[in-house]
Amino acid sequence: MFRQTKSVFQKLRYLSFNGQQHTWRLKSTSARERALQYQPGQKIHGFTVKEVVAVPDLFLTAVKLTHDKTGAQYLHAARDDSNNLFSVQFRTTPMDSTGVPHILEHTVLCGSEKYPCRDPFFKMLNRSLSTFMNAFTASDYTMYPFSTQNGKDFKNLLSVYLDAVFFPCLREQDFWQEGWRLENEDPTDNNSPLMFKGVVFNEMKGAFSDNERLYAQHLQNKLYPDHTYSVVSGGEPLAIPDLTWEQLKQFHATHYHPSNARFFTYGDLPLEPHLKQIQEEALSKFACIDPKTEVPSQPRWTSPKEDHVTCSPDPLAPDPNKQNTVCVSYLLGDITDAFEGLTLSLLSSLMISGPNSPFYKSLIEPKLGTDFSSVVGYDGSTKEASFSIGLQGVDEEDIERVKQIISQTIDKIIENGFEERRIEALIHKLEIQIKHQTTNFGLSLASENTHRLTLSMSPEESYLEKQAKAEEEKLQKKIEVLSDSDRKQIYEKGLELLAAQSRTQDVSCLPALKVSDIEPTIPITPVQISTAGGVPVQYCEQPTNGLVYFRALCNLNTLPEDLKVFVPLFCSVITKMGCGALDYRQQAQQMELRTGGMSVSTQVITDCNELDTYEQGILLSSSCLERNLPHMFQLWSDIFNSPHFDDEERLRVLVMQSAQELANSIAYSGHLYAMTRAGRHLTPAGDLQETFGGMEQVTFMKRTAAMADLSQIIRTLPRLKIHLFNPNNMRWVHNTPAILSDAAAHLEGFIKDVAKNRKERKPVRPNIIEKPINPLDDNGPRRKLISEPTFHPCPMKTFFQMPFPVNFVSESIRAVPFSHKDYASLCILARMMTAKFLHGEIREKGGAYGGGAKIGGGLFTFYSYRDPNTVQTLSAFGNGIEWAKSGKFTQQDIDEAKLSVFSAVDSPVAPADKGMGQFLSGVTDEMKQSHRQRLFAVDHKNLVDVAERYLSAGQKTCGVAILGPENDVIKKDPSWIIK
């Protein structure tokens, strides 16, 4: 997987510190204490301890070691957290854009000396209880992380990972499959045309259809033009076919060596067994080398530079005439100066974060663009950091003006500095981030900094056509030099690969947990349900480290149908327009000073018992330090009682930002949009999910952003507020360090403050049913759901033509709700079909980056991601159903699917989120335990039965959706609706 560095570390930060943090208070601090016993100079299994540091703010002890023989670096973070993590990373510094580190990352996971079966990485997903398994390629390193809560599983995964990275098979067939190959369009027909295929080839074609991603790549390549950052480490699609298998093997030999490695472990498992296993299984077999992978400093320019690139026009952009991006980037100092890095990062936040920041005022509020550029702020993901500031959604005529404003704003910051209150708010935000279990900057940026790049990007109508033409020319050049025997060999190799992909694998060499290793019961999360001011409240005591988490669900049952499409917009602006005596700038400052954030989001929750029953609402979320509870509730009171809706200029800024974010999200999350659309007409909740979060919402926001006059929206928002902020339609949840009596008192006070909003309103739909919030207490507080017992699903096929070179394909089938006896069988079936059939057909043979099946919201949904195919993929979905009905799977296959399902079911839940399943969906721990027992009980007969009863029968009324490039086959088929 090719990742931008920031997102990798955000993900690992979440894994490491947002896991099961309840453990640090519930048991002795043995892991931390044990680690404190180590002494610098101590020798342990071929390693020497260099440093031992207690980090009380993060409840951990850090131990730094070096491997004596190879020089490999090792960092262990001992913390009383059962979600243990391992990662090994290598500095990978390519000097061309063939994507060699990225293709190598894929290929090392396709088999190794000890585990020679094809694709042990994907096989282990089903033989383990891992809470996370992946691999990432960044600009100058490749990392291989996993996490698990099971000690035996940790050893198994560590063995597979060590063998994969240090002793991979690197077979030519795996290079063809994962990297690129020339192959007949139909591998079984040697007369069909030759074409480029390969997983990474298609992944990167998809990646660069995202204009934000394309811009970020160009900016880095041009700001650091003299070494590894000047190339595309993930692979430029037109350069990928220049990579040879020999070059791949050579890159592994020079880069994947312990002397070029960094190891990291985290959690409550003891350090010494990790060191022993790593030494015995890997490091003892190597000697020290000089890997020569150092990244030199970028030579500084003597004068600033400008450059320009082009991209594909976005048909969903808020304003089709404003699709330019312009950004100024400054090269800064070395990231190894940690204090300077922190200072620069903080100052960057002061410059760009929130409506009080100088650049927000000078660039966003004048509406010169729709939002900041995709690269903005401090970036410490390269050897030398950078600071970037710019805009997207800019009119070509305004580009010069944007450049001038950037320069003037920097001069003003250097001259005037920042307000004390903003600095105080930022420090508070930092305190929250640490609590949440999840240099002179002016001189660096001043005009004397001559290493400054101004990069603009504009849409080009013929961009996609030129890309396709360049790929075709590249293909023809490869084909021109082929002899008849070469063509024959390509055909034969294609058949060999197809045969290998179709062969049943012997995976007996791989370690595996057994179903008996899974905990039979789940830990109970105690919750208390009561009322405050007549409003139902759920309290959940958790070790939240001094933070109080507050949520409220407000149902939409009285909201007129014609207003529902406005609800996501209402949610995105309601906390950003100002309230009470505060304008939007003051409100933003108070939220930063007093809270960990305040947000509102849409919710559509399918009932756990009835498929045609659902709850519709909005979820209010916020958190704060205990001392700030009264301030947080005062902010909510002001938002409820006197939100500001009348500032059209402010509203336009927020509408443009929201529309731009939605348009940008499609290239990365196209499969989610396809899945939402496919399920639209299969359940009553499906239509509302499409309205709130599907392509319908994207196009609605595009239309709204294009309005010359927003007065209609300004008149509409207060109408929504009347229905949504009504205490009669609400329930609350508090996750707190203790059942705080003052939390209850503040909540009572808040409900009194907003009592004037309380009004009995008639539901829009007559079919409202009430269910107890706690299903075990019929007399307790209740929630109101919409029931549509006469609902009939409707089959529909929709194709959205998009400016992408790859497709996102989905097919959805109506199934059963969570509490149904067959739901567990469908969960196991979805996982088994993904691992044992769809992965091979869609990714290995089809060349898509990903694909599979999942169940949720009562729907069984197939999907593919960055897929070169459409009709072929839909056939694979159908063939998957036939495969399941045929029962051609073993007990081992079923057990592996169970392990995979349980690894998701048992994944760690942060203290902030404990009890939320019951609060939102009415799913109690007792119901989860019943589901667990049904999962354990699933057998071969159950799986064949549900495949026949739901999937085979459901194909008659399935929904299908595709987002992708122009498709002649679909255009000619009258059964498709073309958008």
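Along the sequence shown, residues carry numbers from 1.
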Pairing of E492 and R487 as salt bridge, 4.0 angstrom limit: no

Residues Q177 and H106: side-chain donor-acceptor under 3.5 angstrom: no

Residues E472 and Q476: side-chain donor-acceptor under 3.5 angstrom: yes

S373 and Q392 side chains, donor-acceptor separation under 3.5 Å: no

Within 6.0 Å of CG in D226, more than 12 heavy atoms from elsewhere: yes

Donor-acceptor pair, side chain of K478 and main chain of P241, under 3.5 angstrom: yes

By salt bridge (charged side-chain N to carboxylate O under 4.0 Å, His left out) - contacts of E460 (at least two apart): K466

Side-chain donor/acceptor of D867 to backbone N/O of F808, under 3.5 Å: no

Centroid-centroid under 6.0 Å between F146 and Y161 rings: yes

Side chain proximity check, E384 to L332, heavy atoms < 4.5 angstrom: no

Partner set under salt bridge (charged side-chain N to carboxylate O under 4.0 Å, His left out) for K123, not counting sequence neighbours: none

Backbone N/O of W301 and side chain of T450: donor-acceptor pair under 3.5 Å: yes

Flag, side chain of N449 to backbone of Y330, donor-acceptor distance under 3.5 Å: no

Donor-acceptor side-chain pairing of T92 and T142 below 3.5 angstrom: yes

Side-chain donor-acceptor contact under 3.5 Å, T370 with Q660: yes

S192 side chain to D186 side chain, donor-acceptor N/O pair below 3.5 angstrom: no

F166 and F90 aromatic centres sub-6.0 Å: yes

Side-chain (T244) to main-chain (Q247) donor-acceptor, under 3.5 angstrom: yes

Backbone of V809 reached by a side-chain donor or acceptor of N807 within 3.5 Å: no

Name of the residue among K403, E306, H308 meeting side chain to side chain donor-acceptor pair (under 3.5 Å) with S456: H308

Intermediate values then yes/no, side-chain contact (heavy atoms from CB on, under 4.5 Å), L162 and F263: CA-CA 11 Å; L162 290 173; F263 292 88; 4.1 Å; yes

Flag for E396-N324: side-chain donor and acceptor within less than 3.5 Å: no

W180 side-chain N/O to F175 backbone N/O, donor-acceptor pair under 3.5 Å: no

No-hydrogen, no-angle side-chain donor-acceptor test under 3.5 Å, S139 and Q220: yes

S87 and Q89 side chains, donor-acceptor separation under 3.5 Å: yes

Donor-acceptor contact below 3.5 Å, side chain S233 vs main chain A138: yes

Side-chain ion pair, D307 and K222, N-O less than 4.0 Å: yes

Donor on one side chain, acceptor on other, D140 and T93, under 3.5 Å: no

Partner set under salt bridge (charged side-chain N to carboxylate O under 4.0 Å, His left out) for K477, not counting sequence neighbours: none

Centroid-centroid distance, H671 to Y865, less than 6.0 Å: yes

Ion pair check, R91 and E294, cut-off under 4.0 Å: yes

Side-chain touch D174/L109, heavy atoms, less than 4.5 angstrom: no

Ring centre gap for Y256 and F251 strictly below 6.0 Å: no

With Y224, the side-chain contact (heavy atoms from CB on, under 4.5 Å) member among Q298, K383, H451: Q298

